[in-house]
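Below is one structure, written out as structure tokens; the observations come after it.
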Amino acid sequence: MPELPEVETTRQGIIPKVINQTITSVVINQYDLRWPIPKTLKTALTGATIKQITRRGKYLLFETSSGTLLIHLGMSGRLLIQPKKHTFAKHEHVNIIIANDCALCYIDPRRFGAILWTKENPHEHKLLKHLGVEPLEREFNGTYLFNQTQKHKTTIKQLIMDSHIVTGVGNIYANEALFLAGINGRVPANSINKKRCDLLVKSIKKVLTKAIKMSGTTIRDFATSSGKPGGFQNALQVYGRTNNPCKKCHTPIQELRLGQRSTFFCPKCQM
DNA sequence: CAGAATACCTGCGGGC
DNA sequence: TGCCCGCAGGTATTCT
């Protein structure tokens, strides 16, 4: 579910509620996520103070006085801020109770997400160390993308969704950015010239930035930290719009599969 | 080595 | 109404 804008929306929503707060207790109802939640997590977190929350790709990094909590939302995860309580919703796997009696609730029906703990530099963690560049940073530019396209033989859509090249662009925003750039996702990455790479980079940044402003996209599971849906689903140009008219030229949107992922495009606007 | 397929898991919508 | 199939905002691991 959550791509970069949803993770960033979550981060921004949680920050004012938990920064400089101390964790008073931790309730774990389900240890089996993508990887098991460390047995030591409860002990490690209890009494720790949350200093800041940062983001690397789709990972949230809770930097505390005693180590870093890493959270990934997988496909169906959400993080909510709720008043402290004693009963739990279905799939509410973890509750982190903060001193001001509010709880950070981790809910994830499919359990593809992860909750991990490290005392080391989190950026050296196995899962973060090999991630590609941040799409909204200056290092993600036309030159970088063009160099990458020359090194790989896959399609342009699969390339921009490869988190080891650029991290945070998932299926929705890959589809939307390619539409905005007028590029068909199935073309080989190494057939895209520098000028089109410049345009695609701009399109990715534009789509992600707008989606963050609109608090992300809610198709099914995603909710902001207050439990409300995002707003970007109303701005989608192609994702999920098979057979509906293109918003630019009215040609029916087509669908195909690339790397096992649904791909939506306008056959006239995207070449 | 790169690229493609598989695996993890639950819920839901469509077809019969 | 109910069962079965395929699909869903991800990505590490295994395969070819």
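Quick note on labels: first sequence line is chain A, next is B, and so on, each numbered from 1.
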Going by the angle between their ring planes, with limits at 30° and 60°, are A:Tyr173 and A:Phe232 parallel, tilted or perpendicular?
tilted
For nucleotides 1-3 of chain B, tabulate all protein N/O to nucleotide N/O atom pairs closer than 3.5 Å, reporting atom names and distance.
| residue | atom | partner | partner atom | Å |
| --- | --- | --- | --- | --- |
| B:dG3 | OP1 | A:Lys153 | N | 2.5 |
| B:dG3 | OP2 | A:His152 | ND1 | 2.7 |

Just do the side chain to side chain donor-acceptor pair (under 3.5 Å) check on A:Ser225 and A:Thr10 with the steps written out, would you?
CA-CA 5 Å; A:Ser225 61; A:Thr10 299; over 6 Å; no
Indicate, with a heavy-atom threshold strictly under 4.0 Å, whether A:Tyr239 touches base, sugar-phosphate, or nothing.
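Sugar-phosphate: the residue A:Tyr239, judged by heavy atoms under 4.0 Å, touches backbone atoms but no base.
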Using a side-chain heavy atom cutoff under 4.5 Å and only I, L, V, M, F, W and Y, what cluster partners does A:Phe88 have?
A:Val27
Side-chain N,O (A:Gln260) to OP1/OP2 (B:dA5) below 4.0 Å
yes
Can you check the distance between C:dC3 and B:dC9, where both ends of the measurement are the P atom (answer in whole Å)?
23 Å
Taking the same atom, P, in B:dT6 and in C:dG6, what whole-Å distance lies between them?
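Result for the P pair: 14 Å, nearest Å.
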Are A:Lys157 and A:Asn184 close enough that a side-chain donor and a side-chain acceptor fall under 3.5 Å?
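Side-chain D/A pair, A:Lys157 to A:Asn184: absent.
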A:Lys247 side chain to A:Val238 backbone, donor-acceptor under 3.5 Å:
no
Look at the side chain of A:Glu139 and the backbone N and O of A:Val133, then say whether any donor-acceptor pair between them is shorter than 3.5 Å.
no
All N/O donor-acceptor pairs, side-chain side in residues 159-167 of chain A, below 3.5 Å, sequence neighbours left out:
| residue | atom | partner | partner atom | Å |
| --- | --- | --- | --- | --- |
| A:Asp162 | OD1 | A:His164 | N | 2.9 |
| A:His164 | ND1 | A:His130 | O | 3.0 |

For every nucleotide of nucleotides 11-16 of chain C, 5' to 3': is a protein heavy atom under 4.0 Å from its base (B), only from its sugar-phosphate (S), or from neither (-)?
BBS---
Going 5' to 3' along nucleotides 10-15 of chain B, which nucleotides have protein heavy atoms under 4.0 Å from the base (write B), which only from the sugar-phosphate (write S), and which from neither (write -)?
BBS---
Can you give the dot-bracket line for DNA chain B, where a pair is Watson-Crick or G-U wobble with both atom distances under 3.5 Å, crossing pairs use [ ], and | marks a partner on another strand?
.|||||||.|||||||
In Å and rounded to the nearest 0.5 Å, what is the NZ to OG1 distance from A:Lys228 to A:Thr9?
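Going from the NZ atom of A:Lys228 to the OG1 atom of A:Thr9 covers 13.0 Å.
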Rounded to the nearest 0.5 Å, what separates atom CD in A:Gln150 from atom CG in A:Leu145?
10.0 Å
If you compare all heavy atoms of A:His91 against all heavy atoms of A:Pro109, which two are closest, and at what distance to 0.1 Å?
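Smallest heavy-atom distance, with atoms named: CG-CA, 3.6 Å.
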